[in-house]
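When a ligand or atom number is given, it counts from 1 through the structure's own listing order. Owing to the predicted nature of the structure, the values given are computational and were not obtained by experimental measurement.
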Amino acid sequence: MNLNQPVTYIKGVSVTRAELLYSELGVKTCNDFLHLFPFRYIDKTQFYTINQLQQNSSEVQIVGKITGIKTVQQKRGSRLVATFADVTGTMELVWFKGAKWIKDSLKVNTPYVIYGKLNWFKGTANMAHPEMELVSEYKSKLQTAMQPVYPSTEKLSNKGISNKVMRTMMQNLLQQAFDSIEETFSTTFRNENKLLHKKESILNIHFPKDQELLAKAQYRLKFEELFYIQLQLLVKKLINKSRIKGYVFENVGEHFTNFYNNHLPFDLTNAQKRVLKEIRKDTGTGAQMNRLLQGDVGSGKTIVGLLVMLLAIDNGYQATIMAPTEILANQHYNGIKELLSNTDITVELLTGSSKTKKRREIHEGLENGTLNILIGTHAILEDKVQFKKLGLAIIDEQHRFGVAQRSKLWKKSEIEGVPPHVLVMTATPIPRTLAMSVYGDLDISVIDELPPGRKAVKTVHRYDSHRLGVFRFLKDEIEKGRQVYVVYPLIQESQAMDYKDLMDGYESIVREFPAPKYQISIVHGKMKPADKDYEMERFLNKETQIMVATTVIEVGVNVPNASVMVIESTERFGLSQLHQLRGRVGRGAEQSYCILLTGNKLSSDAKTRIKTMVETSDGFKIAEVDLKLRGPGNIMGTQQSGVLNLKIADVVKDSPILHNARQCAIRILNDDPSLSKEENASMLKRLTMLQRTSGIWSNIS
Ligand code: ADP
Ligand code: MG
């Protein structure tokens, strides 16, 4: 049987059912259906005793006897409650419907097998509407093994496609198609890695003989899924390296050397030096660099980026740096301009609010090559912006940009089809597991060391009711000459309610911190860029002591004298945002503080987030917790999570399997980069198929 045929080839699947399977579950072909995996199993191979029942054991099977029955009157109708006992204890069985009829059919003091979902009430287990069978009958029947439960939707069950129907269709398919299921690994590879055969795995994932075979089947299928993702990414990387030519930055020239020796305001940390070496190696090979630079907030990524830009200029190329917000682009511009003030390197800023005349100048400078460095926002991506010789594109704070934008930069100036080197800098430390699976085609550098002399930011949680104490503390700090941020959540910049919160908050702070003693700035997304800049400028110049803001200041803003970060409604922020916000302070020599204000009612997730913030400042640990709370999709943004589209594996829970799979893929490719050896034939076949059909290939730039 050809597994690419539509599901209508399965016995019992009509055209109507096929349409429903497609619209509700995305299942089109027989192969899709085989890979629609159960999300849980009804395990009737196990018996529990009552004292073994756990608060979490959801569906269980127990043998015991009914020792008493009573009817309890309720507001509407009555409820039937039976006491059920085995030698280890007692529990209750409950019926809300059909009480009278059921009561007559129940046999007291006769052994039953019961099955159902457990509920707990005051430490006692009960089961509502259990499936019941007399032990005598149960014994006379052939016992079915574990039963799969498939994903479903309301529409499917309304249209009569119950789980039982799904099971039957799957059974039919397996009978028709079992022999056509293709192994994608060689026997040697399977033996080496202790992997079940594909056919056995598919059979046992749907109809497991027992728990052990189920575990083996799950392992094999997860491994296979992750292995082929890794193989694709690694092959992609190999192709990039061998086919996509890159400019060679062979000279460490005047600009770099002069800056490094005379204008670098501090010594680089060892981590910064290491990363710089890695980048220099990349840009010397003749292949295009595609590198992700991870480094916690404040770890000093900008200076590394600047040094690489100087390297590009030394070799006759232009460089650009793209930031996610206007404020951040501005700041990069001001900072870099100042650092380069004693050089003849030209730097310009291009954002949405650049004036037409300025734009024209910039376009010209870029095209005739007199402009060396362009700093800007998304505006850089506009078609009109073309470089004479762009050698390096840096993207700051990657998480705000999609994958598509990364590839758009490639096309900004291709001389003889050679794209610029790309360096992506992110302050959201992506957990290694996730980085490997999503950015497997990028090389990764990590700055894992903060510049010397930084003091950890003291982080505390305070309830709104202690606000006055917090205000007193702020006054003390301002007295000492420090500056303070007060940040409000703006979940959606358009939401009127959020603005009301912000404005109310602003007014109460103005009341509490009266002029002329105190000066207050406010910055939010609805303001004109020029006004925002004006306010930022005032804060930066210490003309104002308090900056009331929304998360527009989240990314990158650098005001070393600001030492207190107050976050309002902390419970509404995500972890990575909180970490970013906290990173705005602790940039100077002074002890800094982060105060997390919340209401009294907190969800358990919010509690976890706050606890994590108070306990650690390690961005990687925070990212791991964030990933667990939110799942990878939300962290990466839909674009990247769509790339993965995993059917069975989970990058967080199955990270050991992912690690294994990646190592295996690396080993195979080291030994046989083109997969041309006979023993890798099945892998090559599978890979070729995936390259034709899979989203990974096309989505990754
Ligand atoms: P991020 O990695 O968050 O982008 P920045 O590049 O903005 O961090 O750097 C944060 C601050 O640390 C800046 O003020 C920068 O000048 C300073 N800095 C960077 N590297 C060093 C270093 N090696 N020693 C001392 N200060 C440094
Ligand atoms: Mg930065």
Is G300 close to ligand 1, meaning an N/O of one under 3.5 Å from an N/O of the other? yes
Identify, by atom number and element, the atoms of ligand 1 in contact range of D267, meaning under 4.0 Å from any of its heavy atoms. 22 (C), 23 (N), 24 (N)
Using a heavy-atom cut-off of under 4.0 Å, does the side chain or the backbone of M425 touch ligand 1, or both, or neither? neither
One pair to check against salt bridge (Lys or Arg N to Asp or Glu O under 4.0 Å): E615 and K611. What are the steps and the verdict? CA-CA 6 Å; E615 281 173 2; K611 188 163 170 270; 3.7 Å; yes
Nearest non-hydrogen contact to atom 5 (P) of ligand 1 from the set T269, V304, L264, T302 belongs to T302
Contact between C594 and V457 at the side-chain level, heavy atoms closer than 4.5 Å - yes or no? yes
What are the atoms of ligand 1, with element, lying closer than 4.0 Å to any heavy atom of R587? 3 (O), 7 (O), 10 (C)
Within 45° of the six-membered ring axis of Y593 and under 6.0 Å from that ring's centre, is NZ or CZ of K458 located there? no
Is the shortest heavy-atom distance from the side chain of K607 to the side chain of E571 under 4.5 Å? no
For the residue pair S563 and E477, establish whether any side-chain heavy-atom pair is separated by less than 4.5 Å. yes
Note: ligand 1 atoms sitting under 4.0 Å from heavy atoms of L268 are 23 (N)
Do any nitrogen or oxygen atoms of G298 lie less than 3.5 angstrom from nitrogen or oxygen atoms of ligand 1? yes
Element-labelled atoms of ligand 1 that are located less than 4.0 Å from some non-hydrogen atom of S299: 2 (O), 8 (O)
Do E326 and S353 have a side chain donor and acceptor closer than 3.5 Å? yes
